[in-house]
2 protein chains.
Amino acid sequence: MSSSGKVNKDVPKPTEAELELLRILWERGPDTVGAVHKAREGQGTGYTTTLKLLQRMTEKGLVLRDESQHAHVYRAAITAEKTQRQLVRDLLQRAFGGSPLQLVVQALSEKRASAEDLSAIRQLLDEMEQKEDTNRKKTP
Amino acid sequence: MSSSGKVNKDVPKPTEAELELLRILWERGPDTVGAVHKAREGQGTGYTTTLKLLQRMTEKGLVLRDESQHAHVYRAAITAEKTQRQLVRDLLQRAFGGSPLQLVVQALSEKRASAEDLSAIRQLLDEMEQKEDTNRKKTP
DNA sequence: TCGTGTCAACGACAATTGTCGTAGAGCGGA
DNA sequence: TCCGCTCTACGACAATTGTCGTTGACACGA
């Protein structure tokens, strides 16, 4: 791993508020503080709160800042997938002792999954079993 | 919902250290501070740290304390299942926008699940689809 | 009874987190 | 040119979290 340029250092786990901002950036793409702040109106928090969070996230490496314009443009430094994987792995270790089964059970029983989701998961299971067999033959 | 007696008030989400202690209590059952502390040796933390955490957890309602003995005995006030459900729901909302599919995908791809796990999940899917059909007829 | 070791209570502390207020910098229109 | 807006920078603050140190209360054996 770490073969191609993506050095992607060790960014810390985002906090709750930070994750909320990251979700906005993932959804809307790079944007200014003002835009991000407007996207989270209703939280009742002030503009400087959003600004401060983004500034600290920049220091942590969670977001990148383009200062070429008067209004700085922020963009997520980590992908949604990578972050989600990190969070799931973390929860898996901390709350489930590393066993994914119970996590999946809870996830599925928590929110009524759609029929499409169920079949998608079923397909994923098929692929995993396929690969499992392949591995069994390759690495005995 | 909230049909049967289990009123189970609103305990806060356990922090990282608190969750670690809860896992010990879940696994070993009610025990003293000393025993819990021994179970987490290697973390390099002191006895009073464990004590303080358990005391604060008592105030929060995360654990219950039996003071009838000189060495107080603590036990988890919430079940592992309920806590896991809470944590999964939380992560689902905060990181996945409420869609369980991606969470399941990450969970399964994160750690190579055993063949038993896979078939267990498959069975769960069957049950969910079964119930889904039932619900569709009962609550249109 | 006295000493020694175990344990709980309390307070303290640094780091982190979420939240602002205030002070300037810079730009665009009157 | 000057005014007003928009934005950033900086610092401050309370609450939370993880971590101890110190101080007493207790209990049990010598």
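These numbers were taken from a predicted model, which means no experiment stands behind them.
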Separation of C:dG18 P from A:Leu62 CG (nearest whole Å) = 11 Å
Would you mind checking if B:Arg94 and A:Glu20 are paired as a salt bridge, meaning a charged N to carboxylate O distance below 4.0 Å?
-> no
Salt-bridge present (B:Arg122, A:Asp126; N to O < 4.0 Å) = yes
Find the distance A:His37:NE2 to C:dG18:P and express it as a whole number of Å.
-> 16 Å
With a 3.5 Å cut-off and just heavy-atom distances, do the side chain of A:Lys52 and the base of C:dG21 make a donor-acceptor pair?
-> no
Quick one: side chains of residues 11-19 of chain A, donor-acceptor pairs under 3.5 Å with protein atoms, not counting sequence neighbours, listed by atom name and distance.
unit_1  : atom_1 : unit_2  : atom_2 : d
A:Lys13 : NZ     : A:Asp90 : OD2    : 3.2
A:Lys13 : NZ     : B:Glu16 : OE2    : 3.4
A:Thr15 : OG1    : A:Glu18 : N      : 3.4
A:Thr15 : OG1    : A:Glu18 : OE1    : 3.3
A:Glu16 : OE2    : B:Lys13 : NZ     : 3.4
A:Glu18 : OE1    : A:Thr15 : N      : 2.8
A:Glu18 : OE2    : A:Lys60 : NZ     : 2.7

Rounded to whole angstrom units, what separation is found between the CG atom of B:Leu22 and the C1' atom of D:dT17?
-> 15 Å
In whole angstrom, what separates B:Asp66's CG from C:dC7's P?
-> 15 Å
Would one find a side-chain N or O of A:Thr45 under 4.0 angstrom from OP1 or OP2 of C:dT19?
-> no
Of A:Lys13 and A:Gly46, the one whose closest DNA chain C nucleotide lies more 5' = A:Lys13
Once base and sugar-phosphate atoms are separated, protein heavy atoms under 4.0 Å mark nucleotides 3-8 of chain D, 5' to 3', with B, S and - as ---BSB
Closest heavy-atom pair, A:Thr45 versus A:His37, reported as atoms and distance to 0.1 Å, is O-CE1, 3.1 Å
A:Thr49 near the nucleic acid: base, sugar-phosphate alone, or nothing, with a heavy-atom cut-off under 4.0 Å?
-> base
Spacing between A:Glu18 atom CD and C:dG18 atom P, to the nearest angstrom = 6 Å
